[in-house]
Amino acid sequence: MPETTAEGPHALSIPAVNATALRRALLAWYRRHHRKLPWRPAPGVGNAAQVDPYHSLVSEAMLQQTQVATVLPYFQRFIEAFPTVRALADADEQRVLRMWQGLGYYRRARNLHAAAQRVVSEFDGEVPAEVPALLKLPGVGRYTAGAIASIAHGRPAPIVDGNVARVFARLFNLQDPVDRPDVQKQLWAIAEALVPARSPGDFNQALMELGALVCTPKSPTCLTCPLRYRCAGLAQGDPERLPVKRPKKKPKAVTHLVVAVRRNGRYLFEQRPATGLWSNMWQLPTWEGDDATHPACDAAAVVDDLVVGAWLAERFGITPGKLTPAHDFTHQTTHRTIRFVVLTANANNGRLRPNTGRWLKLDQLDEFPLPNPQRTAVNHLP
DNA sequence: AAATCGGGGTT
DNA sequence: AACCCAGATTT
């Protein structure tokens, strides 16, 4: 059983461990078993200068809630398109979104773009090294600031991500839900107490790497873990039950009625609003509604042509001809189960209302960021 | 404190 | 189908 220490009346209880031995075991494992990644320095003291802090900023933005394997091709293409922080700062936001297309959480791309501009305007083009300065950048929270400070600049800043939370929950047998604010506070206090003055970047990456390769959510390979003799969760017999998390809400069922309106070999497209889902991205004209109670179709997606025609006329000034079903599929996001009902129509008459949409040839779409399901809809047009 | 914001990999 | 992922921001 790990003992606990309390420093002062309001101090959090932090498991008492042999921090030196723990760091040594973890770093030795990391030197042997780490994956080589384009944004990662080779392990070793004084490795910080090997990383371009701009690369660190880009990779950490992409890695938020996204697995390493998914990020790899995006990172390569992104750095190729925007090799320096100034190149990114000078870029058009639509082009940044286009490079981010398919990666999800698109606010990250817009924040990263804005962060690059702030690095240029307020930090003379140098990604800051200290956590308080990094925290001023949009899209950079406590984790990302600590990651950049420690990995790219060698600062002894702590980090807690999903991997670290799982490793700590097992290592110290933390029974309370790790997504509860007070437990998060405890995890950060532990990380702060453990991060070493030398090689903090390697140490932080080693914690995450252990979580990704050994201390996995399901079927952790405890027999190969460098911390197996220090793990309270393993000593209790069942580390896989940790970490405990609070239950999540079920996604809401909605319908997106998509109308592909064609005229003279072009299709009508609209840009989504600057806030909310898929902000600032483009799509075929789409009418969103609750599943089963959509204003224009029933639960079986039997569409009321007159209602759809009236909607198109009111919104774009365009009157469609006969509507023809083209495709019907579902798209899953974290908070929604979206049924996409795609119809096609020819536009016989009407003038496009200003600032409501654009007529685009499909081969122009390379320049426009589209959500994945809208790409799917476009790909199924006749 | 809770909700929002994507898409894909794993099991 | 459920859970997770090198989280941040808004409400």
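Source: prediction; values computed, not measured. Within every chain, numbering begins at 1; the chains are lettered A, B, ... in the order of the sequence lines, protein sequences first and strands thereafter.
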- Winner on side-chain proximity to A/Asn111, out of C/dC4, C/dT9, B/dG6, is C/dT9
- Within the structure, does a side-chain N or O atom of A/Asn372 lie under 4.0 Å from either OP1 or OP2 of B/dG8? yes
- Query: Base, sugar-phosphate alone, or nothing: which one does A/Arg142 contact when heavy atoms must sit under 4.0 Å apart?
  - Reply: sugar-phosphate
- Message: Let's test your reading of the model: under 3.5 Å, does the base of C/dA6 pair with the side chain of A/Arg40 as donor and acceptor?
- Response: yes
- Item | Centroid-centroid under 6.0 Å between A/Phe168 and A/Phe172 rings | yes
- For A/Leu112, answer base if it contacts any base atom (sugar-phosphate contacts may also be present), sugar-phosphate if it contacts only those atoms, and nothing otherwise; contact means non-hydrogen atoms under 4.0 Å. nothing
- Query: Mind checking the P distance from B/dT11 to C/dA6? Whole angstroms is fine.
  - Reply: 13 Å
- Note on the structure: The residue, A/Leu137 or A/Leu37, whose nearest nucleotide of DNA chain C is more 5′ is A/Leu37
- Item | Atom-pair distance (NZ on A/Lys252; C1' on B/dC5), nearest Å | 15 Å
- Atom CG of A/Asn163 to atom P of C/dC3: distance rounded to whole Å? 18 Å
- Whole Å only: how far is the CG atom of A/Leu370 from the C1' atom of B/dG7? 15 Å
- Message: If I pick the P atom on B/dG8 and the same atom on C/dA8, what distance separates them, to the nearest angstrom?
- Response: 22 Å
- Item | Selection from C/dA6, B/dG7, C/dC4 that lies nearest to any side-chain heavy atom of A/Tyr106 | B/dG7
- Measure from NZ on A/Lys248 to P on B/dA3 and round the result to the nearest Å. 13 Å
- Task: Pick base, sugar-phosphate or nothing for A/Gly211, based on heavy-atom distances below 4.0 Å to the nucleic acid.
- Result: nothing
- Rounded to the nearest angstrom, tell me the gap between atom NE2 in A/His335 and atom P in B/dA3. 9 Å
- Task: Specify the separation, in whole Å, of atom OH of A/Tyr74 and atom P of B/dG8.
- Result: 7 Å
- Item | B/dG6 phosphate, OP1 or OP2, under 4.0 Å from A/Arg336 side-chain N/O | no
- Query: Just by modelled atom types, is the A/Lys252 backbone N or O under 3.5 Å from a matching donor or acceptor in the A/His335 side chain?
  - Reply: no
- Would you mind classifying the nucleic acid contact of A/Leu103 as base, sugar-phosphate or nothing, using non-hydrogen atoms under 4.0 angstrom? base
- State whether A/Tyr105 places a side-chain N or O below 4.0 Å from either non-bridging phosphate oxygen (OP1 or OP2) of B/dT4. no
- Message: Could you tell me how far apart A/Leu72 (CG) and B/dG8 (C1') are, to the nearest whole angstrom?
- Response: 14 Å
- Message: Any base atoms under 4.0 Å from A/Val71, or only sugar-phosphate, or nothing? Heavy atoms, all strands.
- Response: nothing
- Message: Tell me if the aromatic rings of A/Phe329 and A/His327 count as close, with their centers under 6.0 Å from one another.
- Response: yes
- Do A/Thr70 side-chain and B/dG9 base share a donor-acceptor contact under 3.5 Å? no
- Task: Examine B/dC5: is either OP1 or OP2 under 4.0 Å from a nitrogen or oxygen in the side chain of A/Thr333? Give yes or no.
- Result: no
- Among C/dA8, C/dC5, B/dG7, the one nearest any side-chain atom of A/Arg166 is C/dC5
- Message: Determine whether the aromatic ring centres of residues A/Phe75 and A/Trp39 are separated by less than 6.0 angstrom.
- Response: yes
- Task: List the steps, then state whether side chain to side chain contact (heavy atoms under 4.5 Å, CB included) holds for A/Glu60 with A/Val140.
- Result: CA-CA 9 Å; A/Glu60 293 302 342; A/Val140 176; over 6 Å; no
- Ignoring hydrogens and angles, does a donor from either the side chain of A/Arg107 or the base of C/dA8 sit under 3.5 Å from an acceptor on the other? yes
- Task: Would you kindly give the NE2-to-C1' distance between A/His34 and C/dA6, to the nearest whole Å?
- Result: 16 Å
- According to a strict under-4.0 Å criterion, is A/His331 in side-chain N/O contact with OP1 or OP2 of B/dG6? no
- Task: Using heavy atoms and a sub-4.0 Å distance, could you list which residues of residues 51-66 of chain A are near DNA chain B? By number, please.
- Result: A/Gln65, A/Thr66
- Note on the structure: Closest to the 5' end of DNA chain B, once A/Thr275 and A/Arg246 are matched to their nearest nucleotides, is A/Arg246
- Message: What's the closest nucleotide to the side chain of A/Lys249 if the choices are C/dG7, C/dC4, B/dT4?
- Response: B/dT4
- State plainly whether the residues A/Asp182 and A/Arg180 are in salt-bridge range, i.e. N to O under 4.0 Å. yes
- Item | Any A/Lys218 side-chain nitrogen or oxygen under 4.0 Å from OP1 or OP2 of C/dA2 | no
- For the residue pair A/Trp287 and A/Trp311, does the interplanar ring angle fall in the parallel (under 30°), tilted (30 to 60°) or perpendicular (over 60°) class? parallel
- Item | Sidechain-backbone polar pair: A/Arg166 side chain, A/Gly211 backbone, donor-acceptor under 3.5 Å | yes
- Message: Does B/dG6 have OP1 or OP2 under 4.0 Å away from a side-chain N or O of A/Trp100?
- Response: no
- Output yes when at least one side-chain N/O atom of A/Arg110 is less than 4.0 Å from OP1 or OP2 of B/dC5, else no. no
- Does A/Tyr106 have A/Arg108 sitting over its ring (NZ/CZ under 6.0 Å from centre, angle to axis within 45°)? no
- Message: If the test is side-chain hydrogen bond (donor to acceptor under 3.5 Å, both in side chains), which one of A/Arg272, A/Arg107, A/Glu93 qualifies with A/Asn280?
- Response: A/Glu93
